[in-house]
Amino acid sequence: MRGTRIEIRPGALRHNASRATALAQGAQVFAMVKANGYGHGLVLAADAMAGEVDGFGVAVLEEARVLREHGVSAPILVAEGFFDRDELEQARALSLEVVVHSAWQVALLLEHPGPLRIWLKLNTGMNRLGLRPDMALEAAQQLIAAGMTPVGVMTHFACADDAEDGRTESQLRQAVQVADALGLPLSTANSAALIRYPHARAQRVRPGIMLYGSSPFDWQSAAQLALRGSHRFTARLIAINQIQPGDTVGYGATWTAERPGRIGVVAAGYGDGYPRHAPSGTPVAVNGQPTVLVGRVSMDMLTIDLTGIQADIGDEVELWGDAVDVDKVARACGTISYELFCQITGRPECVIV
Ligand SMILES: Cc1ncc(COP(=O)(O)O)c(C=O)c1O
């Protein structure tokens with residue numbers, strides 16, 4: 001057995017969901033399980049958190065359908081709403097809650113009126129999806145006149161996880177104004193806002209990354225936030241090479257030994273979803289001992305520094321999980337844990353523990 005594994009921990013997902021619910025202090029909690037449950041498995045994530053949360057958030061209708069087919073009867077919010085008439089009717093048939101973010105969706109609804117739980121999305125400064133507040137008020141009046149009163153108003157924060165955040169308060173103010181004017185519930189908070197801005201919780205929160213045991217912040221770890229790791233990536237040592245000063249390692253000879261030492265070859269690469277752009281110095285652990293990646297990551301293997309480390313062929317190397325914080329790996333790679341979770345391929349064995 002090659003032994004390259006992803007360990008998924010439903011108990012940790014459940015724990016993290018209960019943390020989100022405690023922080024929400026009575027606001028509804030919709031657990032974001034889009035993108036295959038942030039790489040953890042869509043149905044697995046929903047099953048693990050069922051009972052701890054009020055509903056689930058997905059990006060697209062297809063994800064909602066999979067949940068319904070697996071018997072998930074809890075409310076499901078579709079964050080990108082419907083893409084065409086056919087999806088609009090499917091959303092109705094599956095009793096989904098849809099986000100309406102664009103004028104063309106409002107027009108389609110007015111052409112094909114009928115019962116639907118609509119969350120009107122505001123663009124309060126993210127400038128991605130959403131109607132500007134004045135357009136949203138107008139759209140709401142049109143929908144109300146056609147018998148499709150929206151059930152809520154939502155927006156999404158651009159910078160709630162930035163140390164220098166100067167935008168969230170203004171985004172929140174605009175959203176509160178529209179929700180108050182329409183007398184509708186409001187939903188704004190992602191994980192970062194749920195933790196950092198208690199007054200942004202409103203009537204519904206939409207945490208994602210914190211549920212998966214990762215911190216939204218650079219300055220506070222998941223452990224400091226009392227979150228538990230739900231995703232562990234490990235592989236085995238398949239070769240150990242002695243090296244001398246001046247020897248180089250891997251494609252492009254990007255790393256050169258300065259002293260005699262040992263290099264461990266690990267059976268995981270970008271073909272398994274480990275990021276190819278992880279630089280030398282990215283943390284890993286062998287038998288609980290911290291060490292670092294050296295040289296370029298290849299498709300099926302990567303190389304680590306074993307100098308001064310107790311390790312043998314067959315030993316387990318943790319790429320992230322317990323001894324190695326996934327957020328530190330992500331930072332070393334210039335990315336975020338969301339991307340690391342999502343880009344795991346089908347090749348590693350997936351073990352539910
Ligand atoms: C509309 C919406 N709400 C909530 C979330 C959850 O955000 P996070 O994973 O940062 O908590 C996302 C994720 O990107 C989102 O797109």
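Just follow the structure's listing: the first ligand is 1, and inside any ligand the first atom is 1. If you're wondering where the values come from, they're calculated on a predicted model, not measured in any experiment.
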For ligand 1, find each of its N or O atoms that sits under 3.5 Å from a protein N or O atom, and tabulate the pairs with distances to one decimal place.
{"unit_1": "ligand 1", "atom_1": "3 (N)", "unit_2": "R206", "atom_2": "NE", "d": "2.9"}
{"unit_1": "ligand 1", "atom_1": "3 (N)", "unit_2": "R206", "atom_2": "NH2", "d": "3.4"}
{"unit_1": "ligand 1", "atom_1": "9 (O)", "unit_2": "Y38", "atom_2": "OH", "d": "2.6"}
{"unit_1": "ligand 1", "atom_1": "9 (O)", "unit_2": "I209", "atom_2": "N", "d": "2.8"}
{"unit_1": "ligand 1", "atom_1": "10 (O)", "unit_2": "Y338", "atom_2": "OH", "d": "2.6"}
{"unit_1": "ligand 1", "atom_1": "11 (O)", "unit_2": "S191", "atom_2": "N", "d": "2.8"}
{"unit_1": "ligand 1", "atom_1": "11 (O)", "unit_2": "S191", "atom_2": "OG", "d": "2.5"}
{"unit_1": "ligand 1", "atom_1": "11 (O)", "unit_2": "G208", "atom_2": "N", "d": "2.8"}
{"unit_1": "ligand 1", "atom_1": "11 (O)", "unit_2": "I209", "atom_2": "N", "d": "3.4"}
{"unit_1": "ligand 1", "atom_1": "14 (O)", "unit_2": "K34", "atom_2": "NZ", "d": "3.0"}
{"unit_1": "ligand 1", "atom_1": "16 (O)", "unit_2": "K34", "atom_2": "NZ", "d": "3.3"}

Can you name the one residue among D54, V53, V205 that meets side-chain contact (heavy atoms from CB on, under 4.5 Å) with Q28?
D54
List in chain and number order the residues that pass side-chain contact (heavy atoms from CB on, under 4.5 Å) with E316, two or more places apart in sequence or in another chain; answer none if no residue qualifies.
R232, T234, R236
Results of ring-ring contact (aromatic ring centres under 6.0 Å, His included) for Y270 - residues two or more places apart only:
none
What is the ring orientation for H40 with Y212, classed by angle as parallel under 30°, tilted 30 to 60°, or perpendicular over 60°?
tilted
With sequence neighbours left out, the residues meeting side-chain contact (heavy atoms from CB on, under 4.5 Å) with D47 are V43
What about the rings of Y38 and Y338, do their centers lie closer together than 6.0 Å?
yes
